[in-house]
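Before any comments, here is the structure.
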Amino acid sequence: MNFKGKNILVTGAAGFIGSNLTYELLKLGANVIGIDNLFNGLIENLEEILENKSFKFIKGDIRDFNFLLEVFKDIDIIYHEAAFTSVPQSILMPESCNDVNVNGTLNILNAARKKDVEKIIYASSSSVYGETPSLPKEEDMPRIPISPYGVSKMTCEAYMQVFHQVYGMKTVSLRYFNVFGPRQKDSPYSGVIAIWLGRIIDNKELIIFGDGEQSRDFTYVKDVVRANLLAAEHEISGEIINLGAGSPITLTELGKLMLKLTNKEELKIVYSDPRLGDIMHSFADISKAKELLKFQPKYTQEEGLRDYFKWYCKKYNKNLIIS
Ligand SMILES: NC(=O)c1ccc[n+]([C@@H]2O[C@H](COP(=O)([O-])OP(=O)(O)OC[C@H]3O[C@@H](n4cnc5c(N)ncnc54)[C@H](O)[C@@H]3O)[C@@H](O)[C@H]2O)c1
């Protein structure tokens with residue numbers, strides 16, 4: 001798709017993935033409105049584009065239907081990234097998770113329908129598979145989420161499909177698998193790579209919850225952004241598509257790789273009790289993304305980590321020697 005002059009709205013624009021997507025859309029010449037209630041996102045994530053004439057940030061909540069009706073004027077495409085994103089917090093506060101993720105998403109669909117938005121591309125999650133035993137995860141497998149967060153994501157992608165079937169709206173759900181990269185928060189609830197990078201810089205040991213044999217399909221955010229662009233470009237609708245690197249790595253292997261790339265192999269990896277709601281193995285079959293989106297990941301995990309570490313050191317003036 002030629003994004004030049006297109007009006008795109010990104011929900012969760014001040015968050016990790018939403019901000020990366022927003023920067024790229026602006027580079028491609030789109031006019032972008034970013035909305036976020038700053039519950040978890042940071043305005044600093046948008047600091048390089050706040051003065052850009054093609055970008056407008058509006059603070060607001062996706063649970064506020066009237067707010068959405070106001071901001072959805074003349075929008076061609078919505079990228080819906082806003083969410084209650086923490087699995088452990090969803091276990092502590094299932095109602096809040098449901099309210100933001102399910103009610104908020106239903107609001108977006110209803111408002112988009114009223115305002116004739118052309119297409120909605122939704123950020124779903126590999127957490128919908130839960131403890132489904134088979135690997136790699138294929139889109140048609142049963143969904144057995146094991147956290148309120150997973151349930152909310154499963155419900156939202158079902159809504160995306162139903163709004164396509166019942167109202168003929170163009171919707172696509174991309175099931176992200178463990179995304180990492182620039183602007184990911186280093187907080188107790190964010191991805192392990194951002195947390196470990198913070199600990200490596202502070203010369204602290206890396207902590208693994210469980211035996212370290214759990215595996216993940218870590219996907220570099222630049223590949224996730226590219227797949228989102230492809231989902232707008234291709235004439236597909238009502239689809240749910242896995243979006244991963246397609247190559248699993250165990251947490252112990254990841255820890256060792258991060259220590260090697262940052263020349264901090266003297267730091268220890270320590271093991272603690274497993275966390276409730278954590279899935280043991282997760283790994284995407286990305287054949288559908290290859291077929292429908294012509295998507296091919298450009299970054300191996302090692303290349304993604306290197307690119308991320310370099311960005312981080314430059315941005316925060318940190319002195320790490322990256323191999
Ligand atoms: N990061 C990953 O590994 C991953 C994996 C699978 C799926 N996802 C999904 O991708 C999307 C983006 O995730 P992220 O990692 O960038 O998380 P994030 O927490 O950095 O971004 C989410 C953004 O949504 C905003 N938000 C929360 N509640 C809101 C509300 N009520 N109204 C408006 N804005 C609100 C937050 O302030 C935040 O900026 C989410 O839908 C998430 O579930 C992420």
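As the structure lists them, so they are numbered: ligands from 1, and atoms in each ligand from 1.
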[X] N/O to ligand 1 N/O under 3.5 Å:
X    : result
N37  : yes
Y149 : yes
S126 : no
G41  : yes
Y176 : no
F84  : no
G18  : no
F16  : yes
I35  : no

Protein contact to [atom] [nearest heavy atom, distance to 0.1 Å]:
atom                    : value
atom 1 (N) of ligand 1  : I17 CD1, 3.8 Å
atom 17 (O) of ligand 1 : T85 CG2, 3.4 Å
atom 3 (O) of ligand 1  : V179 N, 2.8 Å
atom 40 (C) of ligand 1 : E81 O, 3.0 Å
atom 21 (O) of ligand 1 : G15 CA, 3.6 Å
atom 27 (C) of ligand 1 : A83 O, 3.2 Å
atom 32 (N) of ligand 1 : I62 N, 3.0 Å
atom 18 (P) of ligand 1 : N40 ND2, 3.8 Å

Would you indicate whether [X], at its atom [atom1], is surrounded by more than 12 heavy atoms from other residues, nucleotides or ligands within a distance under 6.0 Å?
X    : atom1 : value
Y159 : OH    : no
E266 : CD    : yes
N203 : CG    : yes

At their closest point, which heavy atom of [X] faces which heavy atom of [Y], and how far apart are they?
X    : Y    : result
K288 : I240 : NZ-O, 3.0 Å
F295 : R226 : CE1-NH2, 3.7 Å
E205 : R199 : O-NE, 2.7 Å
S19  : L46  : CB-CD2, 4.1 Å

What atoms of ligand 1 come closer than 4.0 angstrom to any heavy atom of [X]?
X    : result
A14  : 39 (O)
G12  : 23 (C), 24 (O)
S125 : 6 (C), 7 (C)
A82  : 24 (O), 34 (N), 35 (C)
N178 : 3 (O)
S124 : 6 (C), 7 (C)

[X] and [Y] ion-paired at < 4.0 Å:
X    : Y    : answer
K256 : E253 : no
E48  : K315 : yes
R175 : E157 : yes

Gap separating the CD1 atom of I33 from the CD1 atom of I78, nearest 0.5 angstrom: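 With rounding to 0.5 Å, CD1 (I33) is 10.0 Å from CD1 (I78).
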
Side-chain contact test, heavy atoms from C-beta onward, threshold under 4.5 Å: evaluate it for [X] versus [Y] and give yes or no.
X    : Y    : value
L28  : L229 : yes
L42  : K185 : yes
Y149 : Q89  : no

Using a 4.0 Å heavy-atom cut-off, which part of [X] comes near ligand 1: side chain, backbone, both, or neither?
X   : answer
D36 : both
L38 : backbone
R63 : side chain

Heavy atom of K153, distance to ligand 1 below 4.0 Å: yes

Contact check, G60 vs ligand 1, heavy-atom distance below 4.0 Å: yes

From the candidates N103, D61, I43, the one that places a heavy atom nearest atom 31 (N) of ligand 1: D61

Criterion salt bridge (Lys or Arg N to Asp or Glu O under 4.0 Å) on R306 and E303, from CA distance to verdict: CA-CA 5 Å; R306 221 178 260 124; E303 287 162 348; over 6 Å; no

For M1, the option from L230, D76, I77 that meets side-chain contact (heavy atoms from CB on, under 4.5 Å): I77

Geometric cation-pi criterion R216 and F180, 6.0 Å radius, 45° cone: no

